[in-house]
Visitor: 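Have a look at this one.
For clarity, every value in this text was computed on a predicted model and none was experimentally measured. Just so we're on the same page: letters track the sequence lines, and every chain starts at 1. Scope of the values below: all heavy atoms of this structure, side chains included, with no hydrogens, waters or symmetry mates.
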Amino acid sequence: MTMSTEMASHSQILVEEKSSVRILTLNRPRQLNALSSNMISRLLQLFRAYEEDPSVTLVILKGQGRAFCAGGDLRPLLSYVIQGKWRLGAAFFADQYTLNYVLATYSKAQVSILNGIVMGAGAGVSIHGRFRIATENTVFAMPETAIGIFPDVGASYFLSRLPGFFGEYVGLTGARLDGAEMLACGLATHFVPSTRLTALEADLCTVGSSDPSFASKILDAYTERPNVKQNSAYHRLDIIDRCFSRRTVEDIISALEREFTQIPDDWISSTTQALKKASPSSLKISLRSIREGRLQGVGHCLIREYRMVCHVMKGDLSKDIVEGCRAILVDKDKNPKWEPRRLEDINDRMVDQYFERLEGLEDLKFPPRNNLRASSIAAKL
Amino acid sequence: MRKLLDGHNLVDRDWIYGLMTQSNLFNRKERGGKIFVSPDYNQTMEQQREITMKRIWYLLENGVFKGWLTESGPEAELRKLALLEVCGIYDHSVSIKVGVHFFLWGNAVKFFGTKRHHEKWLKNTEDYVVKGCFAMTELGHGSNVRGIETVTTYDPTSEEFVISTPCESAQKYWIGGAANHATHTIVFSQLHINGTNQGVHAFIAQIRDQDGNVCPNIRIADCGHKIGLNGVDNGRIWFDNLRIPRENLLNAVADVSSDGKYVSAIKDPDQRFGAFMAPLTSGRVTIASSAIYSAKVGLATAIRYSLSRRAFSVTANGPEVLLLDYPSHQRRLLPLLAKTYAMSFAANELKMIYVKRTPETNKAIHVVSSGFKSVLTWHNMRTLQECREAVGGQGIKTENLVGQLKGEFDVQTTFEGDNNVLMQQVSKALFAEYVSCKKRNKPFKGLGLEHMNSSRPVLPTQLTSSTLRCSQFQTNVFCLRERDLLEQFTSEVAQLQGRGESREISFLQSHQLAEDLGKAFTEKAILQTILDAEAKLPAGSVKDVLGLVRSMYTLISLEEDPSLLRYGYLSRENVGDVRREVSKLCGELRPHALALVTSFGIPDSFLSPIAFNWVEANAWSSV
């Protein structure tokens with residue numbers, strides 16, 4: 001890294017050492033802590049160092065300002081796509097997914113304090129960690145299908161493991177979840193009101209052993225179990241399970257429409273609308289990604305997502321990411337013109353292509369890890 | 001490699017795997033930090049039957065069975081087969097219940113019946129408005145369908161057929177679905193018209209009303225608890241002059257007019273029976289395939305376990321050795337793995353030729369499916385036993401699946417045709433083909449016998465490693481074996497006939513050669529499928545590994561077959577070379593073992609907990 005990028009990344013990630021605990025703060029508050037490539041490199045460097053360093057027992061990750069992390073830095077990626085420099089975009093994702101893998105297979109406990117927005121790439125650096133602390137300010141979402149991409153950063157792994165078919169619901173609709181809902185479905189492991197966060201942090205800094213049960217005890221003492229709100233999607237798990245278990249996106253939408261004729265519920269119609277507004281290509285590849293990911297280890301999931309994201313970067317199968325970013329982020333007219341326009345125009349063969357390795361591009365390779373948790377072991381041929 | 005092995009409909013498989021893991025109905029549990037789904041075999045017979053039906057309703061509600069009878073064509077059929085296979089990977093009982101309803105009852109209506117039957121029954125079957133079963137087997141007759149004793153006559157005044165069970169040995173037995181749930185059944189019976197027995201025919205009869213009460217003139221009893229497959233409610237059925245409308249005769253092949261005249265387009269009763277039985281091939285196809293998936297579950301578990309379990313050191317103070325690092329352990333499991341791979345390709349090839357079947361290919365399919373069903377189901381039983389032993393005490397624990405699967409799948413070796421009987425059919429078909437070609441002085445065509453038109457292969461006396469691994473050599477040995485056994489068998493039968501024995505008695509007395517021949521034919525057919533799969537691959541590591549697997553399949557088959565020495569295809573020295581090469585291959589396959597079982601594509605949650613972190617799975621904290 002050059003001097004200036006090194007300084008940039010050093011200022012974008014603040015590091016505090018409190019005895020054997022390291023506190024990392026994502027520090028780009030004006031961009032809602034969106035992850036830049038510098039931040040990703042720096043996080044990778046730090047986490048790797050801490051894993052090897054016997055004097056470090058625990059890593060805490062939090063965000064500066066009112067967000068934890070709103071996602072990845074899309075602007076540079078968009079320009080790569082438009083200029084045809086997709087390999088630069090691919091490199092960004094390679095780093096990011098490597099970071100996700102390291103966090104998912106980390107041998108020490110990571111505590112992420114999700115006191116604000118946590119979306120997209122923000123989920124990638126927190127959900128894979130052992131402890132995720134939600135607060136009354138938490139807003140979680142994987143909103144990728146509305147922009148013409150798909151829930152990545154290992155989302156095909158963690159979403160697919162949510163109860164029933166809640167994962168499909170969250171991944172396809174980009175639905176927002178609050179802290180209580182995150183706790184209920186397992187995305188968060190604990191819930192602590194924001195007023196108690198300072199005290200929690202201070203207590204966590206007394207942890208002198210890398211045995212996670214010490215941190216766990218402290219967190220369990222602070223955690224609360226708030227009720228999920230009245231009109232939460234989490235109260236509609238039966239409908240979600242009936243509809244989002246269907247084989248295809250078209251079948252999911254039909255099932256929702258059938259449910260609506262029985263019970264004209266606003267939630268059903270807004271869910272259906274979200275699906276109808278999202279990129280059809282994104283919906284189909286997201287569904288398949290989640291379904292495949294359900295049966296694979298986290299490493300396998302990330303390797304598969306890397307292939308998919310390279311196709312998206314290259315734009316060889318669809319240019320929806322450009323149109324999505326234009327409509328949602330740049331012009332903000334929220335009226336994207338997807339191509340292909342309709343679900344029926346996308347056949348299985350087209351979806352298959354996203355899952356194939358690109359010509360001349362190697363599959364992502366991860367460093368061998370020693371202490372693989374049983375839940376994340378992935379063998380591959 | 002997974003794509004290669006599963007062959008088709010991967011997305012559909014993943015969908016139904018997901019349906020099962022995400023629902024509470026499939027006995028989801030956590031062991032050692034991972035989720036597993038497998039039936040609770042500790043439930044009572046009644047509970048297992050009930051939960052099996054509940055699982056099927058859930059799959060039905062999710063649209064799994066859409067189009068299973070109302071759609072046609074290879075694509076639709078392959079999708080059905082894939083979904084059925086995944087059901088079987090979860091629980092044999094689920095796939096049997098589904099199989100009986102759709103493939104036996106449903107296909108009988110579709111292929112034995114005509115338009116009026118299709119319109120009345122197919123959609124209702126698909127939607128489970130009716131629940132079907134298949135009453136063919138009787139207490140006294142299973143494999144010999146033609147000998148069944150149920151009798152049906154025709155009453156022209158009421159235009160009804162009258163079905164009766166004339167004696168106790170004629171009771172229908174092992175009828176899956178009949179004991180609790182089925183509302184309708186196909187009844188196989190001898191048809192007597194005007195005093196003449198026209199042979200076996202199939203009828204539709206209702207056995208329960210929609211409230212679950214058994215219909216009049218029908219008695220049903222339970223077959224009782226079984227050594228496995230207790231999720232299937234097998235029943236026994238007696239017919240007491242049950243009257244059914246004339247339209248209920250499944251009349252695709254033959255019919256009875258309203259005034260009681262028997263008509264059939266096929267005059268020869270043997271041919272008519274053959275045409276009748278042709279649709280039942282689907283059973284052999286699905287059974288062969290499911291046997292291999294069961295073997296895969298066993299091997300994936302045993303091999304993964306052997307890659308983390310250690311026992312005994314070979315040096316003083318040294319660490320204990322991993323099970324799969326022992327040559328003897330490799331020898332127990334890796335040849336079975338190679339056979340499973342080869343047979344997996346064989347099962348896929350069988351599915352492909354089945355879904356693309358034409359009347360011309362029916363005979364070949366019958367022969368090949370008989371051979372594959374027998375060899376693959378026997379292989380599964382042997383593999384499960386070896387895997388059970390290879391994981392030691394853990395294999396005795398029901399939850400660890402490997403041992404339990406033995407009881408669950410044992411029936412495969414005797415239902416849908418006893419394996420020994422089926423293998424005899426293979427040898428009889430080859431005999432008939434040989435005799436007919438020789439008589440007409442025509443070259444061999446079909447049943448893979450074309451190699452007999454060329455000169456007899458000569459095997460090299462020196463068998464080096466590269467020779468042994470050469471696909472041409474391997475093909476030559478298998479061809480030579482088949483050719484020689486076929487010639488010996490036909491010659492021995494001819495000799496016996498020459499001494500005045502009937503052809504049938506001669507067959508019986510030559511049964512040992514017949515068995516050797518049937519096995520030779522089937523093993524050669526299997527080899528061809530893995531060679532074909534290997535040939536389609538581009539050069540690279542996958543192709544190389546598959547080549548090793550293929551050589552292991554061939555060489556272990558040769559090592560285990562006494563025919564090679566008995567009939568002198570190989571010398572004693574050669575047989576020693578083969579044996580040594582098998583050991584070499586064990587060492588070469590060892591590093592690929594994990595990748596090879598992972599390529600089965602069976603999700604972790606459908607395997608045994610001992611395939612993963614079996615220490616954590618047994619930790620006190622999870623008690």
Visitor: Can you tell me if CD on B/E588 sees more than 12 non-hydrogen neighbours from other groups inside 6.0 Å?
Guide: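 Yes, the 6.0 Å shell around CD holds more than 12 heavy atoms from other groups.
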Visitor: At a 4.5 Å cut-off on heavy atoms, which part of A/I290 comes close to chain B: side chain, backbone, both, or neither?
Guide: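 A/I290 has no heavy atom closer than 4.5 Å to chain B.
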Visitor: Kindly check if the number of other-residue, nucleotide or ligand heavy atoms within 6.0 Å of CZ (A/R349) is above 12?
Guide: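 Yes.
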Visitor: If you measure from CZ on A/R161 to CD1 on B/I35, what distance do you get to the nearest 0.5 Å?
Guide: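 Nearest 0.5 Å value for the CZ-CD1 distance: 9.0 Å.
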Visitor: If you draw a 6.0 Å radius around NZ in B/K29, do more than 12 non-hydrogen atoms from other residues or ligands fall strictly inside?
Guide: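 Yes.
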Visitor: Look up atom CZ in A/F355 and atom CG in B/L10, then write down how far apart they are to the nearest 0.5 Å.
Guide: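 Answer rounded to 0.5 Å: 12.0 Å.
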Visitor: What distance do B/R13 atom CZ and A/L295 atom CG have between them, rounded to the nearest 0.5 Å?
Guide: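 Result: 12.5 Å between the selected atoms.
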Visitor: What residue in A/R242, A/R294, A/R247 has the most heavy-atom pairs under 4.5 Å with chain B?
Guide: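 Top option by heavy-atom pairs under 4.5 Å: A/R247.
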Visitor: For the atom pair CG (A/D348) and CG (B/D12), what is the distance rounded to the nearest 0.5 Å?
Guide: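 These two atoms lie 8.0 Å from each other.
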Visitor: Should we count CD of A/E359 as having more than 12 external heavy atoms under 6.0 Å?
Guide: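 No, because the 6.0 Å sphere around CD of A/E359 holds 12 heavy atoms or fewer from other groups.
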Visitor: Using a heavy-atom distance cut-off of less than 4.5 Å, which residues of residues 15-26 of chain B contact chain A?
Guide: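 Only B/W15, B/Y17, B/G18, B/L19, B/T21, B/Q22 of residues 15-26 of chain B have a heavy atom under 4.5 Å from chain A.
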Visitor: Has B/K543 got more than 12 heavy atoms of other residues, nucleotides or ligands less than 6.0 Å from its NZ?
Guide: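 More than 12 heavy atoms, drawn from other residues, nucleotides or ligands, come within 6.0 Å of this atom.
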Visitor: Taking the side chain as every heavy atom from C-beta outward, state whether A/R291 and B/V11 have any pair of such atoms under 4.5 Å apart.
Guide: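 Sidechains of B/V11 and A/R291: no contact.
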